[in-house]
S.K.: 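So that we are looking at the same thing, I have put the structure below in structure tokens.
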Amino acid sequence: MAGTGKKKSSEQKPSPKQNQDPRGGFGEEEEKAGGWTDEEDGQDDEEEGQDDEENRQDDEEDRQDDEEDGQDDEENRQDDEENRQDDEEDRQDDEDDEEEGQDDEEDGQDDRRRSRLLEAISALGRRRKKPLAERSEAAGGMSEFAVGAEGGSGRMELSDLIRTIQREPGVTAQNRKQLRELQRSRRTAECPLSRQDSDRIQRDLAFQKAATAVGRWASTITQNRRAQQLVFPLNQEPSGPRPVEQVAMGWKAQTPLEQEVFAVLSANKQPINDPVLTPGEEASLRAMNLEDAKVRRAELQKARALQSYYEAKARRERKIKSKKYHKVQNKSKRKDFLKRFDEMVKSDPAAALEELNQMELARMQERMSLKHQNSGKWAKSKAIMAKYDEEARRAMQQQLEVNKDLTQKVATSLDQEEQEQQQQEEEKEGAADTEKLPEFVNDAEKGPVPNPWMRGTLSEEPTEKETGGGVEEEDKETGPTGGEEEEEEEEEEEREEEAALLREFDNKRKLRQEARTAAGALVEEEEQEEEVEEELSEFTKRFQETASSQKETEAAGEAASAQLEEGLMRIQTMEDLELLPQDDLVPPPAAERPPAAERPPPEGQLPLRSRKRKRKGIELKEVLTRETRAIRPPLCPTVADPEDLEDTVDQRRLIREAFAGDDVISDFLKDKRKQENSGQPKTVDLTLPGWGEWGGVNIQPSKAKRRRFRLSTAAPPPRSDRHLPSVIISEQRNSSLSLHQVNSLPFPFQNQVQFQSCIRSPLGRTWNTERTVKKVTKPRVLTQLGAVIQPMAEEDLQRSVEKGSRPESRRKL
Amino acid sequence: MKVKVLSRNPDDYVRETKHDIQRVPRNYDPTLHPFEVGREYTRALNATKLERVLAKPFLASLDGHRDGVNCMAKHTTSLSTLLSGSCDGEVKVWNLTKRECVRTLQAHEGFVRAMVVRYCGTSFFTVGDDKTIKQWKMEAPGYGEEEEPLNTILGKTVFTGLDHHRKEGVFATCGQQVDIWDEQRSTPIRSFSWGVDSFSSVRFNPVETELLGSCASDRSIVLYDMRESAPLKKVIMTMRTNTLCWNPMEAFYFTCANEDYNLYTYDMRYLEKPITVHMDHVSAVLDVDYSPTGEEFVSASFDKTIRIFPKSGGHSREVYHTKRMQHVICVKWSADNKYILSGSDEMNIRLWKAKAAEKLGVVSTREKEAINYNEKLKEKFQHHPQIRRIARHRHLPKNVHRQSKELRIMKEARRRKEINVRKHSKAGTVPVVSEKEKHVVTVVK
């Protein structure tokens, strides 16, 4: 039955060979008439390459199918081969031999033959007709899939088909070899994919490629998203002037003149773009030998080192300020010169004479000129200073000395010179040339000294400590000195004060004098001195007065303390306030002061009468639950700080005035008590008289019932301000405030702490330094006004990759 | 005797030159500056209110077209030049600083469907309903010269979209299929088609310049690589996409304007679901354009409003509308990130500020600092209810407001119903589908 089934299928499905046979129907018939065998097929192989190949393909497909079925056993195959040989023999017989076939089969074959005949006849008339796809079977058992299909178990292999080749003498060795190779290879060509599938695969591949190409940007994008600030346009050129080379590159010669110049330049190989080196120079550079270059470099280095050494030395020497050093230097130079001169006298008298002449000439010139005569600008300025400044005086002396030196006759011997010099040095102290010096140069020592302040310590330079800390000293001295009881100390201090003051004045005067350059300063100076004297005398008078007043206050004792209260009591109107400072400017004599008894005692010891008066205002003691700490002012007020006292007095008075009408503190306490009471739990009485009991006019509900229906709520937690007498802390939720508060954690924050810390850190310049503010308020995206922002380009990618590869540099940024 | 004297070192208060600002000594001791949070909150509140007071985004209206403005093109190099094409085939070139039309030309019969300026800025291309692609010079013709296109290409079908390559002389059109053209040839160098549908827009990726995206009428978005012979991938959504725009700073993101009132931002590598769904419009979104910084984009809608969305925000930060502005067909963000241009049905082009309360022109350093500080304050306190309320408040046209409310109700109802269905069916049979996934039908490889 399987055989019939296969046969049917073979009938329905025309073999590809027949289908695609290019030859006409006749050829086919011939073939069929001749009996179609595999052997023949093998022989025809070379002539009809195409057909055979297709055939082979079919065979191979069959084989594949069989393999899939799993009938691959070698043993079976051998048996099959025998069977198949039999089959082949059978098939070589005529078609008619197949009489064992069933009846209906024969009928069918007859029909087919007939129809074929008819076709052949009808085809005779036409020129060429494509044969219908039909296959005629040589044997009933023949199948498209397996030649030996008859047995059912048979399976065809290429080896079976070409076995006869071995026997055939006509087959060439080459063909045999080819066949053998074919036999060995088991690869089959795969059938091509459908167009849809191949397209899909192509698309998928292309997409993968594009996706990876686009994926390159991922790191750049994340980098940009995390960036603190993005500045657009991205590829901004650095501002400022561009290098000359770039500018020159962009420039082109346009006018004929320019072109001419360019032609000349290029002809001479002058540098056009890079103005540093000509080609010739470059060539010479290249031509230089390495060793030469090394030697030359070493020489250069040495020369440079020496030069720098000498320069440094010269600079060092020039910088030395010591006059002595220079003097010594000059002296040694002079000595050298003299030595040389002596030698010259012996060896070369003519040259020595020349020298001598020159020296003489120099002397003459010096005598003629006003140089070193203390008549220049510098000398004049020094002359002004000289009166008080030792240095200036010395400088002037020196000038004169030089003058003397130069005007001296050179003929003297060396020893004499030295002696003279020594003499001069001695004389220097004694001011040898008084006629050339201004009179006042030595005033400090030998002047008539009309000014007592100029004597002794005054003329000397005050030490730094005294001048610098002068104000502090004053503070110290004039400040409140509680223990200023001993007169001696006081006097000492006074003296010190005076001395310091005088010194200051002295300094001031000096400065003024320095500022003045004119000669007429002298007269003014004297006048000023007089003025200063006057001022000073005034000051001393004042001091004496104050000192005396202090003594008086000390003597007054308690009366002084009363003075404090005076302010408190007396000053009640604005007129009084105005009067106050006037009184204070010059402390009134003790006699004029009102008697101590009239003045109220200090705060701690307020008399009764004043208390009564004060009753209107705030009474701290009554109002506050705690006792105020008594502040005791120093008993005896110093004269030094009357203003401070005045301040405090003013303050109190002002406060009293401001809160004249209201008793704030008691109000506050009342408030607090009320708040506390309102927070207390209240018992609610729900008893209804008459329910379950007798009711009436004077009948009270029973105690049991009252106890039962009286509801008391639990006590609230203790108030947080219970230990703070001056504070009310409200624990109620403020709805007007909650309107402005965030009630849920916003997105980027992960917990409350983060959010709160973010809110709590201020940004403004009230709380942060300028730099911090700038950093904190930097906008995330910065664009330039009027600049076109181009999309990101390949260069940006490279730049960002470079940036990413250098993390340390990024950290720095 | 105490003499009180004010003594100051002149170095502390004397200026070196009279142009220096006065030095103000500061003490940063925190105890001297209490209540910093409260004070800054007040400042933030004031800044927010001021911002709303100063928010006047509308700058100018450019009128002159005799039909609805159908497309616009930014000049690639000049900020002050804008091109617009209208539904009667007229193209106008505008000078934005003078706010006037500098050139008018009759480019096509019927609509000007799309236009684009060549990357160098010397010429521009237009496509129209008359099945032609025309290239025009940017400069106006001289006296006596006729207004003629440089090149004209006759196509077989109507072209609906056009875009130019950023660096090469290559442009892409779309219609029945997507074509890539070389400027030198009159036939496309490549044609892509995938099924039979008509495309509404095509856009080159400005960063990865060989890639393109297009929107088709079969509700799909198709991606192409100019170098390949076949398209790359396509995603089909529930409704049709009108336009798409690539992010100019982030190569693989693009945003598309959909008919279902939403915009979707996709990562082109993962088309299975959008990265973000941007909702707020109450009618079909017709056009979208990214800001040149890639931080935001602007969308134009049929509901007569323009909205500005942050690139990763689900809702808009700004909505612009005027009484006379009708359906907005096209919208562009200027290349200096400062302005927005919208072309609408009623023949006008409108110029808006990109930041409504921004001060235009040169700003002094101190002013700039103050602005920066205020911005930071607003950002810091943005979550506080009062500030958020003021900052978010916008006036909307009545119908838009009503419709958005309606949409909200509808959405809520749908959500509720889904929950109910899930509640009353077997566990796992009604899966939770996120908003992002809801709108994607399938991805075709």
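Quick note: numbers below take in every heavy atom, side chains included, and nothing from hydrogens, waters or symmetry partners. Protein chains get the first letters and strands the later ones, always in sequence-line order, with residue 1 at the start of each.
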S.K.: Which one wins on heavy-atom pair count under 4.5 Å against chain A: B:Lys338, B:Arg166, B:Glu379, B:Arg388?
M.R.: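 Looking at each option in turn, the highest pair count goes to B:Arg166.
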S.K.: Side chains of B:His75 and B:Thr77: do they bring a donor and an acceptor to under 3.5 Å?
M.R.: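 On atom types as modelled, these side chains qualify, holding a pair under 3.5 Å.
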S.K.: Do you know which of A:Val776, A:Asp796, A:Thr769 has the most heavy-atom pairs with chain B at a distance under 4.5 angstrom?
M.R.: A:Thr769
S.K.: Report the option among B:Lys167, B:Arg227, B:Met268 that has the most heavy-atom pairs separated by less than 4.5 Å from atoms of chain A.
M.R.: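 Looking at each of B:Lys167, B:Arg227, B:Met268 in turn, B:Met268 comes out on top.
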S.K.: Heavy-atom pairs under 4.5 Å with chain B: which of A:Val742, A:Leu234, A:Thr766 has the most?
M.R.: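 Counting heavy-atom pairs under 4.5 Å, the top option is A:Thr766.
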S.K.: Look at the side chain of B:Thr48 and the backbone N and O of B:Ala44, then say whether any donor-acceptor pair between them is shorter than 3.5 Å.
M.R.: yes
S.K.: Heavy-atom pairs under 4.5 Å with chain B are the metric here; pick the option from A:Ala211, A:Ala210, A:Gly764 that has the most.
M.R.: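 Result: the option with the highest number of such pairs is A:Gly764.
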S.K.: Could you tell me which portion of A:Ala206 (side chain, backbone, both or neither) has an atom closer than 4.5 angstrom to a non-hydrogen atom of chain B?
M.R.: both
S.K.: Does any heavy atom of chain A fall under 4.5 Å from the side chain of B:Tyr41, the backbone, both, or neither of them?
M.R.: side chain
S.K.: Output yes when B:Glu250 and B:Lys311 qualify as a salt bridge under the 4.0 Å nitrogen-oxygen rule, no when they do not.
M.R.: yes
S.K.: Heavy-atom distances under 4.5 Å only: say whether A:Gln202 touches chain B with side chain, backbone, both or neither.
M.R.: side chain
S.K.: Quick one: does any side-chain atom of A:Asn751 pair with a main-chain N or O of A:Gln754 as donor and acceptor, under 3.5 Å?
M.R.: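 Judged by distance alone, yes, a pair lies under 3.5 Å.
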S.K.: Highest number of heavy-atom pairs under 4.5 Å with chain B: which of A:Leu785, A:Val788, A:Asp204, A:Asn224?
M.R.: A:Val788
S.K.: Are any side-chain N or O atoms of B:Thr209 and backbone N or O atoms of B:Pro206, one a donor and one an acceptor, separated by less than 3.5 Å?
M.R.: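 The answer is no, because no donor-acceptor pair under 3.5 Å joins these two groups.
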S.K.: Side chain from CB out, backbone as N, CA, C, O: work out which of these in A:Lys209 comes under 4.5 Å of a heavy atom of chain B, or both, or neither.
M.R.: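 Contact with chain B: side chain only.
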S.K.: By a 4.5 Å heavy-atom criterion (distance strictly below it), what part of B:Trp194 contacts chain A: side chain, backbone, both, or neither?
M.R.: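 It is the side chain, since no backbone atom gets that close.
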S.K.: Is A:Leu797 in contact with chain B via its backbone, its side chain, both, or neither, using a 4.5 Å heavy-atom distance?
M.R.: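 Neither; nothing under 4.5 Å.
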S.K.: I need the residue from B:Gly361, B:Gly294, B:Ala251, B:Ala230 with the largest number of non-hydrogen atom pairs under 4.5 Å to chain A.
M.R.: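 Looking at each option in turn, the highest pair count goes to B:Ala251.
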S.K.: Measure A:Asn743 against the heavy atoms of chain B and call it side chain, backbone, both or neither at under 4.5 Å.
M.R.: neither
S.K.: Is A:Val781 close to chain B through its backbone or its side chain, or both, or neither, when contacts mean heavy atoms under 4.5 Å?
M.R.: side chain
S.K.: Quick one: what part of B:Leu377 sits under 4.5 Å from any heavy atom of chain A, side chain, backbone, both or neither?
M.R.: both
S.K.: Heavy-atom pairs under 4.5 Å with chain B are the metric here; pick the option from A:Thr783, A:Ile759, A:Leu230, A:Ile201 that has the most.
M.R.: A:Ile759
S.K.: Donor-acceptor pair, distance only, cut-off 3.5 Å: does the side chain of B:Lys74 make one with the backbone of B:Trp333?
M.R.: yes
S.K.: Please tell me whether B:Tyr373 and B:Arg43 have a donor and an acceptor in their side chains that are separated by less than 3.5 angstrom.
M.R.: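 Yes, a side-chain donor-acceptor pair sits under 3.5 Å.
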S.K.: Looking only at atom types and distance, does a side-chain atom of A:Thr212 sit under 3.5 Å from a main-chain N or O of A:Gln208, one as donor and one as acceptor?
M.R.: yes
S.K.: Counting only non-hydrogen atoms closer than 4.5 Å, does B:Arg389 touch chain A with its backbone (N, CA, C, O), its side chain (CB onward), both, or neither?
M.R.: neither
S.K.: Looking at B:Thr293, B:Asn337, B:Ile387, which has the largest count of heavy-atom pairs under 4.5 Å with chain A?
M.R.: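 Between B:Thr293, B:Asn337, B:Ile387, the count favours B:Thr293.
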S.K.: Decide whether B:Thr97 and B:Asn95 meet the rule of one side-chain donor and one side-chain acceptor closer than 3.5 Å.
M.R.: yes
S.K.: Side chain of B:Asn247, backbone of B:Tyr253: donor and acceptor closer than 3.5 Å?
M.R.: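 Side chain of B:Asn247 to backbone of B:Tyr253: no pair is present.
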S.K.: Under 4.5 Å heavy-atom distance to chain A, tell me which part of B:Glu375 shows up: side chain, backbone, both or neither.
M.R.: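 Neither part; nothing is under 4.5 Å.
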S.K.: If the threshold is 4.0 Å, N to carboxylate O, is there a salt bridge linking B:Glu369 and B:Arg366?
M.R.: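 A salt bridge is absent here (no side-chain N lies under 4.0 Å from a carboxylate O).
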S.K.: Between A:Asp199, A:Leu763, A:Asn768, who has the most heavy-atom pairs with chain B when the cutoff is under 4.5 Å?
M.R.: A:Leu763
S.K.: For the pair B:Lys234 (side chain) and B:Val443 (backbone), establish whether a donor and an acceptor sit closer than 3.5 Å, ignoring hydrogens and angles.
M.R.: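 No.
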S.K.: Between B:Trp246 (side chain only) and B:Arg203 (backbone N and O only), is there a donor and an acceptor less than 3.5 Å apart?
M.R.: yes
S.K.: Apply salt bridge (Lys or Arg N to Asp or Glu O under 4.0 Å) to residues A:Arg203 and B:Glu228 and explain how you reach the verdict.
M.R.: CA-CA 9 Å; A:Arg203 282 197 299 261; B:Glu228 304 286 343; over 6 Å; no
S.K.: Let me know if A:Gln756 has heavy atoms under 4.5 Å from chain B in its side chain, its backbone, both or neither.
M.R.: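 Neither part.
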S.K.: Could you look at A:Arg216 and say if it's the side chain, the backbone, both or neither that has a heavy atom under 4.5 Å from chain B?
M.R.: side chain
S.K.: Under 4.5 Å between any side-chain heavy atoms of B:Phe254 and B:Asn205, yes or no?
M.R.: no
S.K.: So what's closer than 4.5 Å to chain B heavy atoms on A:Thr220: side chain, backbone, both or neither?
M.R.: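 A:Thr220 has no heavy atom closer than 4.5 Å to chain B.
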S.K.: Can you tell which part of A:Val773 gets under 4.5 Å to a heavy atom of chain B, answering side chain, backbone, both or neither?
M.R.: neither
